[in-house]
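What follows is one structure encoded as structure tokens, with my remarks underneath.
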There are 2 protein chains.
Amino acid sequence: MTSTKRKPTIHEVAHMAGVGIGTVSRVINNHPSVRAETRAKVQQAMEHLGYAPNPHARRVAGGRSYTVSVLLPFVATEFYIRLIEGLEATLSEERYDLALFPLLTPKRLERYLRSGTLAYQTDGLIVASYDLTEHFAGGQFPTDRPVVLVDARNPNYDSVFMDNLLGGRLAAEYLSRFPGELFFITVEEDIDRVFSHTVFAERRAGFQQGAELARRTVNPDQIFHTRLSAEGGRLALQTFLRHYSPPLNIFAGADLIALGVMEEAERLGLRLGQDVRLLGFDGQPWTAQYGLSTLAQPVEAMGARAAQLLLERLQNRRFEPRQVRFEPHLIERPSTLGAQVIDSR
Amino acid sequence: MTSTKRKPTIHEVAHMAGVGIGTVSRVINNHPSVRAETRAKVQQAMEHLGYAPNPHARRVAGGRSYTVSVLLPFVATEFYIRLIEGLEATLSEERYDLALFPLLTPKRLERYLRSGTLAYQTDGLIVASYDLTEHFAGGQFPTDRPVVLVDARNPNYDSVFMDNLLGGRLAAEYLSRFPGELFFITVEEDIDRVFSHTVFAERRAGFQQGAELARRTVNPDQIFHTRLSAEGGRLALQTFLRHYSPPLNIFAGADLIALGVMEEAERLGLRLGQDVRLLGFDGQPWTAQYGLSTLAQPVEAMGARAAQLLLERLQNRRFEPRQVRFEPHLIERPSTLGAQVIDSR
DNA sequence: CTGAAAGCGCTTACAG
DNA sequence: CTGAAAGCGCTTACAG
């Protein structure tokens with residue numbers, strides 16, 4: 001006895017609207033074959049009663065969970081906030097719920113996937129940022145549910161991914177147009193991280209390629225490894241300045257790291273866009289106010305696309321795994337444009 | 001049609017065990033009034049069939065969600081991993097599920113609490129680390145579900161909290177026994193954080209109190225504010241060393257920050273436990289291998305206690321809000337014991 | 001386009 | 001201690 005007041009049911013709605021419960025159900029589920037007039041009557045009754053369908057009854061009767069699980073790193077980045085919003089926007093249109101499963105340890109993941117109740121909890125899986133197949137025998141997820149990867153890539157599964165190599169290359173090409181050396185701040189995995197991704201390694205490889213194409217050298221001490229935090233950016237700038245003098249052209253592997261670079265530059269009295277040219281990656285909403293140039297990722301769109309792929313799978317459609325590639329796009333702001341631009345192309 | 005093979009139901013189990021479905025249900029729910037012999041028969045049948053109860057059917061028939069929602073910050077700390085484990089251990093015994101709700105924005109929270117479906121999703125709420133009442137009119141959560149706070153405190157709700165003030169005081173008292181100045185590294189909220197907690201402010205206040213009691217002064221530049229990251233600890237040590245010379249006695253507000261201090265000390269060739277005496281807070285599992293002294297929090301136990309309080313509320317028991325206080329306890333390791341101990345008590 | 005009815009897989013008094 | 005039966009609130013063919 002947890003609830004205080006009885007909640008209205010489909011029967012009460014049907015009674016009030018003067019229709020059968022089947023019709024109410026059809027209205028709830030946006031079934032096309034309902035007369036507009038009938039639909040209106042039913043909707044009025046629902047509103048009047050403050051009716052909300054019981055999802056559990058729906059799941060029992062429908063024989064499905066109407067739920068999609070999202071397996072994602074347990075980190076504080078805005079990236080995942082945006083990703084979740086993209087997923088949710090698309091899934092909720094089809095009345096699917098989202099269940100978040102934070103990837104903490106492989107043991108938990110294993111337990112989760114093999115648990116007898118997962119069958120009831122989830123119609124499909126979305127796996128963010130990791131290609132987890134390596135954790136399982138045969139490179140297959142131990143589940144009969146459809147799986148879609150987002151911000152990650154595997155040829156055996158539908159994948160929605162960012163072309164990080166291209167991103168790194170664009171960064172190097174762009175920063176090469178300015179005087180001064182090139183620098184890169186990359187994120188290293190924590191030692192204790194058991195799940196690994198390749199995002200930052202790809203950006204770095206792209207950056208090296210782009211630098212080569214522009215005939216610029218990037219020495220090992222022009223690359224700083226740190227964790228994904230603003231403070232990592234601050235440390236990076238301090239370290240660069242021990243051996244190099246402004247102007248510095250810095251590509252931060254993530255906006256959050258670029259934020260730390262900005263803070264430290266300000267503390268040191270360096271002018272952004274002149275002494276330090278700074279380019280981030282992600283396109284977080286706050287970068288606009290901060291005047292941070294960045295390679296923007298259409299994160300919400302990636303989430304929406306992944307959700308769409310999964311919904312199609314859930315409709316039992318059979319096709320080969322689909323690979324959807326997204327590209328970052330450059331947004332120029334004061335952090336790189338403080339002074340005159342030398343266009344050497 | 002998402003599932004591949006039909007899952008066995010309670011009827012099949014009953015048939016195979018030669019009992020009624022009611023009996024099977026009683027076995028599943030650990031109802032006391034089942035003969036051991038009957039129970040064994042049923043369990044055998046369940047195992048043989050690979051039976052797992054359908055949680056949705058249970059929720060419909062039982063009229064409850066059998067689910068507890070945990071509202072928690074979306075951060076990567078091990079603290080929450082441990083907290084979740086403590087909660088889950090206790091709740092799963094009573095066949096309650098856990099639903100994680102990451103606190104991203106107040107808007108999402110509002111939408112979530114007021115949504116018509118929350119009534120179906122959740123029998124009770126556990127709110128971690130934040131006293132969210134300030135966000136709502138009248139200082140009450142806009143829900144008729146029982147609410148328990150953990151790692152936070154509010155007189156109107158059951159609360160399980162850590163005595164952070166005591167923790168800070170213990171830290172100062174302990175570190176005062178060593179030669180050298182006292183330092184504190186605290187965590188500041190990000191500007192964009194809308195949810196705020198008082199944990200670090202409390203530890204700091206306690207630290208100041210403890211220092212006073214020990215007749216030690218702590219100047220403003222002996223306190224460093226940073227974000228919750230290992231790199232924050234590295235920056236802190238660098239900063240302290242600009243104005244102070246070893247030995248330094250540092251209380252890091254969190255183990256994660258202490259980790260950064262250790263890394264930076266090593267990089268600078270400083271001896272831990274001699275040049276730098278370091279005390280963390282949390283008692284993360286890895287601190288043992290790293291030899292980090294720390295004020296350990298019984299996180300799992302706090303989670304278990306919170307779960308227990310909520311389960312009691314769910315049994316419809318009425319009592320005044322209960323406040324359960326936990327204390328940290330000091331674990332001494334090489335990071336403070338590298339040299340001789342001056343016991344001045 | 002719509003209603004009556006069967007069915008989804010459980011829980012829970014009610015008898016015995 | 002246990003079984004038969006009603007009921008939870010939906011979905012979904014099946015008729016019309």
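This is a predicted model, so every value here is computed, not measured. What's counted below: heavy atoms across the whole structure, side chains too, no hydrogens, waters or symmetry copies. Proteins get letters first, then strands, A, B, ... in listed order; numbering begins at 1 in each.
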* Give a yes or no answer on whether the side chain of B:T122 reaches the backbone of B:G124 with a donor-acceptor pair at less than 3.5 Å. => no
* Asked: Under 4.0 angstrom, heavy atoms only, what part of the nucleic acid is B:I21 near: base, sugar-phosphate, or nothing?
  -> base
* Asked: Between B:F326 and B:F161, is the gap from one ring center to the other below 6.0 Å?
  -> no
* Asked: In dot-bracket, 5' to 3', how would DNA chain D read with Watson-Crick or G-U wobble pairs under 3.5 Å, [ ] for crossing ones and | for pairs to another strand?
  -> |||.||||||||.|||
Identify the pairs formed between an N or O of the protein and an N or O of nucleotides 7-9 of chain D at a distance under 3.5 Å, and give each distance.
residue, atom, partner, partner atom, Å
D:dC8, O2, B:A61, N, 3.3

* To do: Please report the closest heavy-atom contact between A:P8 and A:L49, naming both atoms and the distance.
  => CG-O, 3.4 Å
* Asked: Taking the side chain as C-beta and beyond, is there a heavy-atom pair between B:L72 and B:I84 under 4.5 Å?
  -> yes
* Asked: Does the A:R145 side chain pair with the main chain of A:A119, one donor and one acceptor, at a distance under 3.5 Å?
  -> yes
* Structure fact -> Atom NE2 of B:H31 and atom C1' of D:dG3 are separated, to the nearest Å, by 14 Å
Between the protein and nucleotides 13-15 of chain C, which nitrogen or oxygen pairs are less than 3.5 angstrom apart?
residue, atom, partner, partner atom, Å
C:dA13, N6, B:R26, NH2, 3.1

* To do: Give a yes or no on whether the backbone of B:A128 and the side-chain of B:D151 come within a donor-acceptor separation of less than 3.5 Å.
  => no
* To do: For the residue pair B:Y112 and B:S69, confirm or rule out a side-chain donor-acceptor distance under 3.5 Å.
  => yes
* Structure fact -> Residues of residues 35-45 of chain A with a heavy atom under 4.0 Å from any atom of DNA chain C, listed by number, are A:R35, A:T38
* Respond yes when some side-chain nitrogen or oxygen of B:T23 is under 4.0 Å from OP1 or OP2 of D:dT2, and no when none is. => no
* Nearest heavy atoms of A:M302 and A:V150, plus distance in Å -> O-CG2, 4.0 Å
* Asked: Taking atom P of C:dC10 as reference, at what distance in whole Å does atom CE of B:M46 sit?
  -> 11 Å
* Structure fact -> salt bridge (charged side-chain N to carboxylate O under 4.0 Å, His left out) test vs B:R313 passes for just one of B:D144, B:D158, B:D123, namely B:D158
* Of the non-hydrogen atoms in A:L98 and A:E88, which two are nearest, and what is the gap between them? -> CD2-CB, 4.1 Å
* Asked: What residue pairs, at least two apart or across chains, pass side-chain hydrogen bond (donor to acceptor under 3.5 Å, both in side chains) with a residue in residues 31-43 of chain B?
  -> B:H31-B:S33, B:R35-B:E37
* **side-chain N/O A:S25 vs D:dC10 OP1/OP2, d < 4.0 Å** => no
* State which residues pass salt bridge (charged side-chain N to carboxylate O under 4.0 Å, His left out) with A:E93; sequence neighbours excluded, sorted by chain then number. => none
* Asked: A:F141 and side-chain contact (heavy atoms from CB on, under 4.5 Å): which partner among A:N154, A:T133, A:L109?
  -> A:T133
* Asked: What does B:V19 touch in the nucleic acid at a heavy-atom separation under 4.0 angstrom: a base, only the sugar-phosphate, or nothing?
  -> sugar-phosphate
